[in-house]
Amino acid sequence: MSQQSLRRDTAARREPREIPPLAEVRRITEKKRDAWWTVLLVDPVATPLVRQTALRTRITPNQITWGAFLLGLGSAVCFAFGDWRWLCLGAVIYHLSFILDCMDGKVARLTGQGSVFGAWLDFVFDRIRVMVCGVALMGGQYERTGDVTYVWLALAVVGLDTLRYINSLEIFKVRYTMRKQIKARVRAARRAENQAELAFMEDLLRENPEADVERDQAAASAAPGEPGAPAGPGAPAGVPRSRQVIDLHQEFRGRFPAYLRARSFLLRHRIRTHLVSGVEFQMGVFILGPLFDAVIPATIVSGALLLVFELAIIYKLLLSTRDFTRTIDSFEQPVTTTAPTHRTRPRCIDHGRC
């Protein structure tokens with residue numbers, strides 16, 4: 001690099017960044033749906049800090065990730081002492097660690113400094129933090145009380161956190177495979193018969209979380225007997241009327257109509273319907289339990305609720321695979337015409353409900 005280029009780069013680094021107002025920072029950095037703990041107790045603190053961090057410092061997202069990790073280790077040290085005052089301090093430090101953990105991604109989105117290695121680092125540090133804090137918390141309580149229950153709880157905390165991540169990764173792979181196969185079938189049908197553009201209902205709801213879910217579902221099940229369900233008056237805003245909408249959660253929504261109303265309400269407040277995820281599990285074990293000196297009941301209740309919601313996700317996936325099978329089968333049925341033809345086309349994209 002020439003000295004002139006080096007001087008330009010140095011000057012650029014010294015120039016203040018153009019950071020938008022707080023409202024715009026919220027729009028850029030906050031997820032459209034997130035854990036309720038994050039929405040209510042983290043984002044109100046983290047987002048203003050993100051703006052000030054980007055505006056006044058040159059701290060990178062990876063440096064924030066390291067800071068969150070080190071704070072997490074600090075909370076583990078406090079947990080290891082076992083005394084209630086140390087537990088309270090450890091809980092406070094753990095929450096500060098989680099705020100920093102949320103800030104690294106927000107800073108990356110705001111400044112465009114995200115990287116694949118940063119995502120890997122964040123993932124690995126999160127798992128290490130949970131493991132170390134779980135062992136330290138339960139080990140400190142075992143040292144204080146001699147109750148072997150804490151040994152089993154340490155194993156349970158680490159095991160549940162690992163199970164949750166394995167389950168989420170496998171479910172993502174299954175959903176990705178189903179969507180990929182459906183897109184391949186629709187592309188082939190579109191090439192053969194000029195079919196309409198394809199969209200998945202879950203993507204439309206993710207892009208527009210304030211859309212009315214019941215109207216969105218009606219859009220997905222419109223025009224029974226037709227080769228596709230085009231977006232109509234009930235579709236989310238901005239969806240072309242010619243776009244085919246596939247809902248791989250059709251059977252789940254049909255079995256649990258109250259879910260639609262609850263989901264619509266929560267999404268209007270940016271809260272995802274998975275109310276007890278890994279975030280809430282960690283907060284129950286590492287914040288609520290230590291603060292109220294109730295480590296055993298808080299861990300048991302948090303773990304049980306996590307399992308309930310994980311099983312609900314698995315059940316939802318099972319019903320989704322049935323919708324997937326019906327959708328794929330609809331592409332296999334030949335069209336009856338007066339002239340012989342070897343082509344097939346999807347008779348009903350509403351998953352066998354015609």
Q: How long is the gap from CG on L87 to CG on L137, to the nearest 0.5 Å?
A: 6.5 Å
Q: Answer yes or no: is there an ion pair linking R127 with D161, defined by an N-O contact shorter than 4.0 Å?
A: yes
Q: Report, as yes or no, whether the 6.0 Å neighbourhood of atom CZ on R56 holds more than 12 heavy atoms from other residues, nucleotides or ligands.
A: no
Q: Which value, rounded to the nearest 0.5 Å, describes the distance between D293 atom CG and L288 atom CG?
A: 13.0 Å
Q: Please find out if less than 6.0 Å separates the ring center of Y94 from that of F98.
A: no
Q: May I ask you to check whether over 12 heavy atoms, not counting those of E24, lie within 6.0 Å of atom CD?
A: yes
Q: Ion pair present between R129 and D126, side-chain N to carboxylate O less than 4.0 angstrom?
A: yes
Q: Under a 4.5 Å side-chain heavy-atom rule over Ile, Leu, Val, Met, Phe, Trp and Tyr, are V45 and I59 clustered together?
A: yes
Q: For this output row, return yes or no: ring centroids of Y150 and Y142 closer than 6.0 angstrom.
A: no
Q: Do D147 and T149 meet the criterion of a side-chain donor-acceptor pair at a distance under 3.5 Å?
A: yes
Q: Determine whether the aromatic ring centres of F123 and Y165 lie less than 6.0 Å apart.
A: yes
Q: Cation-pi between R164 and F309: NZ/CZ under 6.0 Å from ring centre and within 45° of the ring axis?
A: no
Q: Please determine whether residues L307 and V279 belong to a single hydrophobic cluster, defined as Ile, Leu, Val, Met, Phe, Trp and Tyr linked transitively by side-chain heavy-atom distances below 4.5 Å.
A: yes
Q: Please round to the nearest 0.5 Å and tell me the distance separating atom CD1 of I296 and atom CE of M138.
A: 8.0 Å
Q: Any donor-acceptor pair under 3.5 Å linking the side-chain atoms of S264 with those of R268?
A: yes
Q: Would you please indicate yes or no on a ring centroid separation below 6.0 angstrom for F125 and W66?
A: yes
Q: Would you mind checking if K106 and D43 are paired as a salt bridge, meaning a charged N to carboxylate O distance below 4.0 Å?
A: yes
